[in-house]
Amino acid sequence: MSDVQQAVAQLKTLAEQAGRPLQIGLRIDVLARETEEEAIFDARRHAEQTQHQPSLSQAGLWRGLTTSSTGAAGVLVGSFAQVQQQLADYAAAGVSQFILGAVPSLEEAYRVGENVLPALRAQLGLSTRLAA
């Protein structure tokens, strides 16, 4: 996460020097389940079915799992609480806009909308809706 914080800090410095406002956005997929084990099982199953060979770049962040189907280079994989915390960590690093996606999109949007976003909004003290 420190690399994201450094990149955000550099971009904000450049924007301030240019007298321009800046908001940082992140496009990422999510695969959240009740437990981390369930999430990893489903991520591996998806990789096998689609013949992807994902790599785990850091705790909970898988690269290359859904790139060809959604365009996202990374997927947050974990329990509802873990994915919530990962998104909160990105927000703390300076990300203010999120575009979340997943495969299958309808089922995952429901899971995230019911189990991750309400807790994330409460954690961040947001009164506005975050869209999945």
Side-chain angles (χ1 to χ4, degrees):
M1 194 60 60
S2 65
D3 56 336
V4 173
Q5 291 170 325
Q6 290 175 347
V8 168
Q10 286 178 324
L11 290 171
K12 285 187 175 185
T13 298
L14 292 172
E16 287 173 8
Q17 290 172 351
R20 302 189 71 172
L22 177 70
Q23 290 189 359
I24 304 293
L26 175 68
R27 165 64 177 97
I28 197 161
D29 283 352
V30 293
L31 193 158
R33 301 291 183 269
E34 286 194 28
T35 68
E36 180 180 22
E37 292 76 23
E38 287 178 83
I40 290 171
F41 177 84
D42 283 351
R44 287 182 177 148
R45 182 176 57 182
H46 178 74
E48 289 172 8
Q49 290 173 348
T50 59
Q51 298 179 346
H52 285 105
Q53 294 183 353
S55 63
L56 185 62
S57 64
Q58 63 187 42
L61 180 62
W62 293 40
R63 298 211 181 265
L65 182 62
T66 60
T67 303
S68 63
S69 54
T70 69
V75 181
L76 297 177
V77 175
S79 70
F80 298 136
Q82 288 170 321
V83 170
Q84 171 198 333
Q85 187 57 54
Q86 291 166 327
L87 292 170
D89 290 346
Y90 279 111
V95 175
S96 59
Q97 307 290 324
F98 293 88
I99 301 172
L100 306 177
V103 175
S105 57
L106 179 62
E107 292 87 349
E108 200 63 36
Y110 180 81
R111 282 186 199 99
V112 170
E114 289 290 312
N115 301 291
V116 175
L117 295 183
L120 179 62
R121 282 193 299 274
Q123 180 179 356
L124 299 178
L126 298 176
S127 58
T128 58
R129 278 193 82 136
L130 297 174

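Everything numeric here is computed off the predicted structure, so don't read it as measured data.
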Measuring from [X]:[atom1] to [Y]:[atom2], what's the distance to the nearest 0.5 Å?
{"X": "Thr67", "Y": "His52", "atom1": "OG1", "atom2": "NE2", "value": "6.5 Å"}
{"X": "Leu87", "Y": "Gln85", "atom1": "CG", "atom2": "CD", "value": "9.5 Å"}
{"X": "Ser68", "Y": "Gln51", "atom1": "OG", "atom2": "CD", "value": "10.5 Å"}
{"X": "Gln82", "Y": "Thr35", "atom1": "CD", "atom2": "OG1", "value": "9.0 Å"}
{"X": "Gln84", "Y": "Leu124", "atom1": "CD", "atom2": "CG", "value": "8.0 Å"}
{"X": "Arg121", "Y": "Leu126", "atom1": "CZ", "atom2": "CG", "value": "8.5 Å"}

Exercise for the section: Please confirm whether the backbone N or O of Gln23 pairs with a side-chain atom of Ser96, one donor and one acceptor, at under 3.5 Å? Expected result: no
Note to self: Please check this pair: side chain of Gln123 against backbone of Leu120, looking for a donor-acceptor N/O pair closer than 3.5 Å.
What the structure shows: no
| request: May I ask whether Tyr110 and Leu117 are part of the same hydrophobic cluster, defined by side-chain heavy atoms of I, L, V, M, F, W, Y residues being less than 4.5 angstrom apart, directly or through others? | output: no
- Message: Quick check: is Val83 connected to Leu100 through a chain of hydrophobic side chains (ILVMFWY, heavy atoms under 4.5 Å apart)?
- Response: yes
Worksheet item: In terms of side-chain heavy atoms, does Glu16 have a donor or acceptor partner in Thr13 at a distance below 3.5 Å?
Response: no
ask   = Looking just at side-chain N and O atoms, do Gln5 and Ser2 make a donor-acceptor pair shorter than 3.5 Å?
value = no
Heavy atoms, side chains only, cut-off 4.5 Å: are [X] and [Y] in contact?
{"X": "Asn115", "Y": "Glu34", "value": "no"}
{"X": "Thr66", "Y": "Leu31", "value": "no"}
{"X": "Leu22", "Y": "Ile24", "value": "yes"}
{"X": "Leu65", "Y": "Asp29", "value": "no"}
{"X": "Val75", "Y": "Ile28", "value": "no"}
{"X": "Val116", "Y": "Val30", "value": "no"}
{"X": "Leu61", "Y": "Leu56", "value": "no"}
{"X": "Leu14", "Y": "Gln17", "value": "yes"}

Query raised in the report: Can you say whether the rings of Tyr90 and Phe98 are parallel (under 30°), tilted (30 to 60°) or perpendicular (over 60°)?
Result: perpendicular
With sequence neighbours left out, the residues meeting salt bridge (Lys or Arg N to Asp or Glu O under 4.0 Å) with Arg111 are Glu108
Heavy atoms of other groups near Gln58 CD, more than 12 under 6.0 Å: yes
Exercise. Crowded around Glu107 CD? As in, over 12 foreign heavy atoms under 6.0 Å?
Worked result: yes
In short, salt bridge (Lys or Arg N to Asp or Glu O under 4.0 Å) pairs touching residues 39-63 with sequence neighbours left out are Arg33-Asp42, Asp42-Arg45
Thr70 vs Val103, test: side chain to side chain contact (heavy atoms under 4.5 Å, CB included). Steps then yes/no. CA-CA 8 Å; Thr70 69; Val103 175; 3.3 Å; yes
